[in-house]
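See below for the structure under consideration.
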4 protein chains.
Amino acid sequence: MKKNKPKYKLIIDAAVEVIAENGYHASQVSKIAKKAGVADGTIYLYFKNKEDILVSVFEEKMGQFIEQIATAIDQKSNANEKLLTLIEMHFSQLAKDHHLAIVTQLELRQSNIDLRLQINKVLKPYLMVIDSIINEGIEQNIFRDDLNKKLVRQMIFGTLDETVTNWVMKEEKYELVSLAPSVHALITNGLSTR
Amino acid sequence: MKKNKPKYKLIIDAAVEVIAENGYHASQVSKIAKKAGVADGTIYLYFKNKEDILVSVFEEKMGQFIEQIATAIDQKSNANEKLLTLIEMHFSQLAKDHHLAIVTQLELRQSNIDLRLQINKVLKPYLMVIDSIINEGIEQNIFRDDLNKKLVRQMIFGTLDETVTNWVMKEEKYELVSLAPSVHALITNGLSTR
Amino acid sequence: MKKNKPKYKLIIDAAVEVIAENGYHASQVSKIAKKAGVADGTIYLYFKNKEDILVSVFEEKMGQFIEQIATAIDQKSNANEKLLTLIEMHFSQLAKDHHLAIVTQLELRQSNIDLRLQINKVLKPYLMVIDSIINEGIEQNIFRDDLNKKLVRQMIFGTLDETVTNWVMKEEKYELVSLAPSVHALITNGLSTR
Amino acid sequence: MKKNKPKYKLIIDAAVEVIAENGYHASQVSKIAKKAGVADGTIYLYFKNKEDILVSVFEEKMGQFIEQIATAIDQKSNANEKLLTLIEMHFSQLAKDHHLAIVTQLELRQSNIDLRLQINKVLKPYLMVIDSIINEGIEQNIFRDDLNKKLVRQMIFGTLDETVTNWVMKEEKYELVSLAPSVHALITNGLSTR
DNA sequence: CATGAATGAGGGTTCATTCAT
DNA sequence: TATGAATGAACCCTCATTCAT
């Protein structure tokens, strides 16, 4: 299994750094190889082609991202707390990894549509985690049962994503994680006065 | 003013078509020139460079987009109706222009970060329309006054954007505009039971 | 018609020189462009790709080659004289163009099989000229009528080709054209004593 | 002597197969190693470099080729029979080894000139066999004594080679060996009526 | 003897932009 | 204004060869 070899991780991490520092389109394979401390050709012992590096970056990082969130959520017993935890974790993980935040929010979006579709596949498990919280909230009678669930998921993900992207584009000048309770309140209670 | 010359619009419209049909990265200047019926060099009499074409596409189309929405909103008297109208207009304008939807939701996002920052500038007036609705809602005591307004705007825009992108990626298989009331309800009332 | 533009011929001639001087595999497009005095990209305004340059070289040069031979043969009235003329012309044209001789006898043979098949197509008209001489000789009762005509053609072409290749490989140290009568005698009379 | 070790022959035979199946340019050392059942590095214990493999292939196969012909010729007493036998053997040995025919007639010709010169060296003994038949024929007064002997050899070899190449390129659709008497007649008697 | 992971040099092609007409 | 032929910089990937084990 190639994924367990040390150079695999070396290259993945180098790719994140190089993309964050140079931008998506200026990230040559040779730069990644140099940063990883391997020869150009070595890259191709571990990855089919450049696109495969990028998809793998997303898979690896997103895999950890989701796992962390899923673990944290399991320790909460109701949907409201789970949703808050998801928001906090989503924010905190990106807040603590500057490079990763830039890569996921800005750089990887410049990829062509084929690559974007592959990235969407990787994102699927995360969307399913959101879905499960929604379902649980409805079962627990915490969330309304007249919701279009798919729309709810889109609202939650769209809000988090837009919030993080704004934060990254503002060069992370403010505290992201501290916004979590407000975002949670907005999503659960909406704008309206009662 | 170059923007009023007939070839200016010819090139802008050709650009939208070419990008929608070929995708961002396969949209060469020469293709746009051919579709517009002008020589390659002529493009550079109206636009500084390729990036300038793309920004101008966004400016032109977004200008109309926002104007339509602003006009429709002016005829509504309270923030709730205005918000619903904004959502309906946002959806309906993209639903009725297939090419534009693909270009704004998928293709232009592949541009590099400099271009994205310019696009964000163009988006500013739209975000200000959203802001004014939020402010009005708070003044009218329809929206809560303890909200982080910037977050609210990010939630609204993020939700709409994510919803439209999902719809485009699902190849516009379902009715987008009919989702407007549900989206409006979600945003105003949130997920929670009362 | 691109073939009449001056740069087309410029590139063709540069290609012959570069291949003759550097060898088939060391003939980069950039070298050909430099020798032709044009930019690398200009090559691709006149040729689809590198292979297209090579096929075109062969087409152009072989076209002239065959035309010269055909014209010379037309002025002879019997098959024996025509055959001798063909041999003389075949030898003399390659003898007077050092670069062309190297390219056709040594370098272009290193091409892959697809290109070789295309080269064979270009060679077809030459083989047909040989065939017509054979037929005429038989009609004139100068050549025997019990011959396998295809074999005869292969003998003639094979003999000429092998003779020229040997001459080129020996670095053209001896007079090629003066061998023509002997080659002609060999082909017409064979090895045997009577 | 490395040539007697079992892996030496294993690699030679693997090379012929790989070249015949994949073509000269797609025949990587790693493919040959795999087919031979050895590690890539092992190849370099038996051969200096890739070119050395190819020359060795030619040496091995050509050695057997010539030996077979020489043995067969020794049993004939006059030059005419010897020449016919040489033609028959040349054709029959290639006709019965499909891979070898493709490799010698098509694939190995794609090699660069250095390699071709080495191949020519390997061919030398074969050309000397032809030369000896020519000399014998002249001594026996079967062949004319006014011949340019080198040209005769080129005619014979060129004719055989061109005939076999045509046959391989036509995908061996007809019987090659049965052409031998006609080829022999052509070479000995020429085209002319008497 | 044998392995196979690692190396790193090398080139065809695209396309935004220019400028002489 | 308008043209379009010409420019030339920039990069992914393959594969023969090596060498530590």
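The sequence lines fix the lettering, A, B, ..., with proteins before strands; numbering per chain opens at 1. Treat the numbers as computed from the prediction; the structure is a model and nothing was measured.
For the pair Gly37(D) and Thr42(C), both in contact range of DNA chain E, the more 5′-proximal nearest nucleotide belongs to Gly37(D).
Residue Leu45(B) contributes atom CG, which lies 11 Å from atom P of dT18(E) at whole-angstrom precision. In this structure, CG of Asn22(D) is placed 16 Å from P of dT14(F), rounded to the nearest angstrom. Nucleotide dA6(E) holds its C1' atom 11 Å from the NZ atom of Lys5(A), rounded to whole Å. With rounding to whole Å, Phe47(B) atom CZ is found 15 Å from dA16(E) atom P. In this entry the distance linking OH of Tyr46(B) with C1' of dA16(E) reads 20 Å, nearest Å. As rounded to whole Å, 19 Å separates atom P of dG4(E) from atom NZ of Lys31(D). When rounded to the nearest whole Å, the span between OH of Tyr24(B) and C1' of dC15(E) equals 13 Å. Remark: P of dC15(E) and CD1 of Ile43(C) are 18 Å apart, rounded to the nearest angstrom.
Summarising the geometry of Val168(C) relative to Ala101(C), their closest heavy-atom pair is CG2-CB, 4.1 Å, with the distance given to 0.1 Å.
When side chains are defined from C-beta on, Ser111(D) does not count as touching Leu54(D), because their heavy atoms never get closer than 4.5 Å. Contact check for Ile12(B) versus Tyr8(B): side-chain heavy atoms found under the 4.5 Å cut-off. Between Asn112(A) and Glu51(A) the shortest side-chain heavy-atom distance falls below 4.5 Å.
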Taking only nitrogen or oxygen atoms into account, show me every contact under 3.5 Å that the protein makes with nucleotides 10-13 of chain F, one pair per line with its distance.
from, atom 1, to, atom 2, distance (Å)
dC11(F), OP1, Gln28(A), NE2, 3.1
dC11(F), OP2, Gln28(A), NE2, 3.1
dC12(F), OP1, Lys50(A), NZ, 2.8
dC12(F), OP2, Val29(A), N, 3.0
dC13(F), OP2, Tyr44(A), OH, 2.7
dC13(F), OP2, Lys50(A), N, 3.0

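Pair check for dC12(F) finds dG11(E); Watson-Crick or G-U wobble, both atom distances under 3.5 Å. Pairing for dA20(E) is with dT3(F), a Watson-Crick or G-U wobble pair whose two hydrogen-bonding atom distances lie under 3.5 Å.
There is no side-chain donor-acceptor pair under 3.5 Å between Lys121(A) and Gln118(A). Side-chain contact of Asp161(D) with Gln105(D): a donor-acceptor pair under 3.5 Å is present, judged by distance alone.
Considering only side-chain N and O atoms, Lys7(C) lies nowhere under 4.0 angstrom from the phosphate OP1 or OP2 of dA5(F).
The closest donor-acceptor contact from the side chain of Arg109(B) to the backbone of Gln110(A) lies at 3.5 Å or more, if one exists at all.
Within 4.0 Å of Lys34(B), counting heavy atoms only, lies no atom of the nucleic acid at all.
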